[in-house]
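The block underneath contains the structure these notes are about, expressed in structure tokens.
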Amino acid sequence: EDQVTQSPEALRLQEGESSSLNCSYTVSGLRGLFWYRQDPGKGPEFLFTLYSAGEEKEKERLKATLTKKESFLHITAPKPEDSATYLCAVQGPGAGSYQLTFGKGTKLSVIP
Amino acid sequence: GAGVSQSPSNKVTEKGKDVELRCDPISGHTALYWYRQSLGQGLEFLIYFQGNSAPDKSGLPSDRFSAERTGGSVSTLTIQRTQQEDSAVYLCASSLTTNNEQFFGPGTRLTVL
């Protein structure tokens, strides 16, 4: 069974204070690892897909990296508008099914 | 372009009543997914549709839950004889193909009194 564990559950940062969020996963064969951002009362917003160990992707202040066991979402010099819950999900090889298995998320608060 | 839309945005119902939740996927997306997000829990997969293939219903929690997708586009999730534990946000997502990222709608918040 695919499993995803995110840490920490919550993170408070001062504006400009860089940090990283962790996503540890167990999957029999990784088809893809996905990062989403979710604001209160809204659906998850797609950020990145990573497919193989060593892959990195960047978008503005965010950078996602992937190893064989975990992924990190690095946030450089965050701003208050980066405050949200960040969700990690994996897609396994499936047997005709392609659903995502999600972690419980990391709630990020960036204080001005 | 237009994203995934869901209706209603909020639904309050009484225990034992049936409810229908609607999802309009992004035009051209062949795959459609339903998830449930309960307070303090991660997103939980419910059901998946791909083209004209038989849906994957492996995530449906009980036989009170069913879903259909008409004409390969709009989908309806039906919950019969609702229970209080059905209270959650129901999210729909679509993807171009099964190997692409999934785009989510805003969700329907269901409250069962």
Side-chain angles (χ1 to χ4, degrees), chain A residues 1-10 21 23-27 29-52 55 57 59 64 66 71 84-107, chain B residues 2-7 9-10 21 23-26 29-60 67 88-111:
Chain A
E1 181 180 336
D2 301 345
Q3 291 189 334
V4 178
T5 303
Q6 292 188 246
S7 62
E9 291 185 11
L21 312 182
C23 170
S24 297
Y25 65 91
T26 303
V27 63
L30 183 69
R31 183 183 298 271
L33 184 141
F34 301 81
W35 281 99
Y36 287 85
R37 168 191 172 129
Q38 187 172 27
D39 293 297
K42 296 188 177 182
E45 174 189 348
F46 170 74
L47 293 174
F48 303 109
T49 309
L50 301 167
Y51 294 103
S52 57
E55 189 174 1
K57 289 194 176 173
K59 179 181 180 181
L66 181 65
S71 176
T85 296
Y86 290 85
L87 301 172
C88 172
V90 297
Q91 188 179 50
S97 182
Y98 302 89
Q99 73 269 26
L100 299 179
T101 299
F102 280 85
K104 294 185 177 181
T106 294
K107 184 175 182 180
Chain B
V4 177
S5 61
Q6 294 186 245
S7 61
S9 56
N10 283 283
L21 312 179
C23 172
D24 282 271
I26 294 172
H29 280 196
T30 63
L32 186 147
Y33 309 78
W34 284 97
Y35 294 85
R36 178 169 71 174
Q37 188 172 34
S38 304
L39 193 63
Q41 301 297 315
L43 275 79
E44 171 192 6
F45 165 75
L46 297 177
I47 188 169
Y48 152 77
F49 296 89
Q50 168 59 39
N52 295 321
S53 302
D56 174 7
K57 304 179 182 180
S58 60
L60 295 179
V89 176
Y90 290 82
L91 291 158
C92 175
S94 70
S95 62
L96 188 60
T97 71
T98 53
N99 290 326
N100 295 97
E101 55 273 10
Q102 297 177 22
F103 294 91
F104 283 81
T108 293
R109 180 174 296 278
L110 175 66
T111 303

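In what follows, every chain begins at residue 1, and chains take the letters A, B, ... in the order their sequences are listed.
When F102(A), F34(A), F48(A), Y51(A) are compared by the number of non-hydrogen pairs under 4.5 Å with chain B, F102(A) comes out ahead.
Y36(A) places none of its side-chain heavy atoms less than 4.5 Å from the side chain of L43(B). With a 4.5 Å cut-off on side-chain heavy atoms, F45(B) and S58(B) count as touching.
Residue E44(B): no heavy atom, backbone or side chain, is found under 4.5 Å from chain A. Using a 4.5 Å cut-off between heavy atoms, L87(A) touches chain B through its side chain atoms alone. For Q38(A), the part lying near chain B is the side chain, with the backbone staying farther off; criterion is any non-hydrogen pair under 4.5 Å.
Under 3.5 Å, the side chains of T30(B) and Q50(B) contain a donor-acceptor pair of N or O atoms.
Summarising the geometry, atom CD belonging to Q6(B) is positioned 5.0 Å from atom OG1 belonging to T108(B); distances are rounded to the nearest 0.5 Å.
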